[in-house]
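Remarks on the structure that follows.
Just so we're on the same page: letters track the sequence lines, and every chain starts at 1.
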Protein chains: 2
Amino acid sequence: MSKAQKDKSTEERILTAAKKIFVLKGMSGARMQDIADEAGINKALLHYYFKNKEQLFEMIFMEAAAQLFPKINKIFDSDQPLFEKIERFCEEYISIVTENPFLPLFVINEINQDPDYFLKKVWAGKSKPNPAKFLEQIDREVKKGTIKKINPVHLLMNLISMTIFPFMGKPMFQKNLGISEAQFRQLMEQRKKEIPAFIIDAIKK
Amino acid sequence: MSKAQKDKSTEERILTAAKKIFVLKGMSGARMQDIADEAGINKALLHYYFKNKEQLFEMIFMEAAAQLFPKINKIFDSDQPLFEKIERFCEEYISIVTENPFLPLFVINEINQDPDYFLKKVWAGKSKPNPAKFLEQIDREVKKGTIKKINPVHLLMNLISMTIFPFMGKPMFQKNLGISEAQFRQLMEQRKKEIPAFIIDAIKK
DNA sequence: ATAAAATTTAACCAAATGGTTAAAACCCCG
DNA sequence: CGGGGTTTTAACCATTTGGTTAAATTTTAT
């Protein structure tokens, strides 16, 4: 059992352990025994708290998705100017993911396993994302002549890609560029400013 | 058995089937029975051709990695001017991945499962990537004053992120933006020009 | 035609895995 | 102290899964 868990309640410890294992190995790669071990308990007690693997997985997945998605929507749906939105998105998103570096790969993975099922689950009831507002905002700026002509979808893809992908490709980048953990963190910290600057340079007239 | 496979040799059909299943479900999610079914044969024959799951998986993974990595290196290591390299990379990479949309997620996934093992395997013997040359080239352009001051590592990350990520987030983008298969292909086709233009706009003085 | 190779059938095995159970031990609160 | 919820122990079960085997059948090349 890892140190950080000793004081927490058993249920909390199970959830923390399950998150770690599921996020690391995915649904099919995770073993209930691994989760029990990680939580410092036995399998019987694990099932005493959670009926089965699927139910536990769904809790973890939903929590992970809730950590990643609603924040995007809130920023994109706000009434800030375009450039400020871009800056805020990078800032907040990189902060979240720096603390949970494996979340994006995990979530995207499981979504790819069954897009209809998981995406319906994710925006069930609450914050279904409304990219329309953000896309229209870009369109307006283009027509105003504030920024260069660009298909808003490409701009959105560029923003999200540059923000998220480095975390998914982390081991690859690290091995190929000889980057330490500390250096990687520092790079990601820089990207909070670097990406908005890059984008603004690319689109402003 | 899918139509495209009827004429191919059994071994080829197994490899095609295995690629499809492994790439879709990952090592832990893939079932030997699924591969046999997909290849239109039975499990006994599958093991008649391939000793075990690990050996088969490694062939598929190596083939997938070989499809993705060496081409990057060749472009980055060439003697073309910077802007041409960027254009060529986007062009060729998007072409490859359009025909194999699940490859990047698959490879990145398995690399994350065991970075040391898989990355050692990938650059075993042959094309270990040499990003140094590309990074130095960027540095030279910066010093020459041709492009704005930028950390080459960020530029490299931006380029690779924008090129690859949209394929990994495909279902997410499709659901959220209401994009059909045809529209997605068209968007990716556009990105062959869009990304280089975007980058060049961002960095040229 | 015949031998060799490829393929199917079908049964089987062992290990891994998700899940259950019942009894005992532990712990905390009234 | 006593009882209710918690946790352990340890055995057990059913299913899934990777892998094997042997015999029968089909295909292919000589």
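Whole-Å rounding puts the Met27(A) CE to dT17(C) C1' distance at 12 Å. Atom CD of Glu54(A) is separated from atom P of dT16(D) by 12 Å (rounded to the nearest Å). Distance CG (Leu46(A)) to P (dT6(D)): 15 Å, rounded to an integer number of Å. If you take NZ of Lys43(A) and P of dT7(D), they are 18 Å apart, rounded to a whole angstrom. Asp37(B) has its CG atom 12 Å from the P atom of dG18(D), to the nearest Å. Atom CD1 in Ile14(A) sits roughly 11 Å away from atom P in dT6(D) (whole-Å rounding). Taking atom CG on Asn42(B) and atom C1' on dT26(D), their separation rounds to 13 Å, with Å as the unit. The distance from atom CG of Leu45(A) to atom P of dT8(D) is 6 Å, rounded to the nearest whole Å.
The closest side-chain donor-acceptor pair between Gln33(A) and Asp37(A) falls under 3.5 angstrom.
Without hydrogens or angle criteria, Gln113(A) side chain to Leu24(B) main chain gives a donor-acceptor distance under 3.5 Å.
Across all strands shown, Tyr49(A) has heavy atoms under 4.0 Å from sugar-phosphate atoms exclusively, and none from any base. Contact annotation for Ala30(A): backbone-only contact, meaning every heavy-atom pair under 4.0 Å involves sugar-phosphate atoms and none involves a base.
Distances shorter than 4.0 Å separate none of the side-chain N or O atoms of Tyr48(B) from OP1 or OP2 on dT7(C). Of the side-chain N and O atoms in Arg31(B), none sit less than 4.0 angstrom from OP1 or OP2 of dT16(D). Between Thr10(B) and dT7(C) there is a side-chain N or O to OP1 or OP2 distance below 4.0 Å. Listed pair His47(B) / dG19(D) meets the phosphate criterion, a side-chain N or O lying under 4.0 Å from OP1 or OP2.
Between the side chain of Lys53(B) and the base of dG19(D), no donor-acceptor pair under 3.5 Å is found.
In this structure, the ring of Phe106(A) has its center no less than 6.0 angstrom from the ring center of Phe102(A).
When each of dG19(C), dG19(D), dT8(C) is scored by its nearest atom to the side-chain atoms of Asn52(A), the top-ranked nucleotide is dG19(C). Which of dG18(C), dA6(C), dG19(D) sits closest to the side chain of Met32(B) comes down to dG19(D).
Taking a 6.0 Å sphere around NZ of Lys25(A), one finds it holds 12 or fewer heavy atoms contributed by other residues, nucleotides or ligands.
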Exercise for the section: Check the pair Asn151(A), Arg191(B) against side chain to side chain donor-acceptor pair (under 3.5 Å), reporting the backbone distance first and the verdict last. Expected result: CA-CA 10 Å; Asn151(A) 179 342; Arg191(B) 287 181 76 76; over 6 Å; no
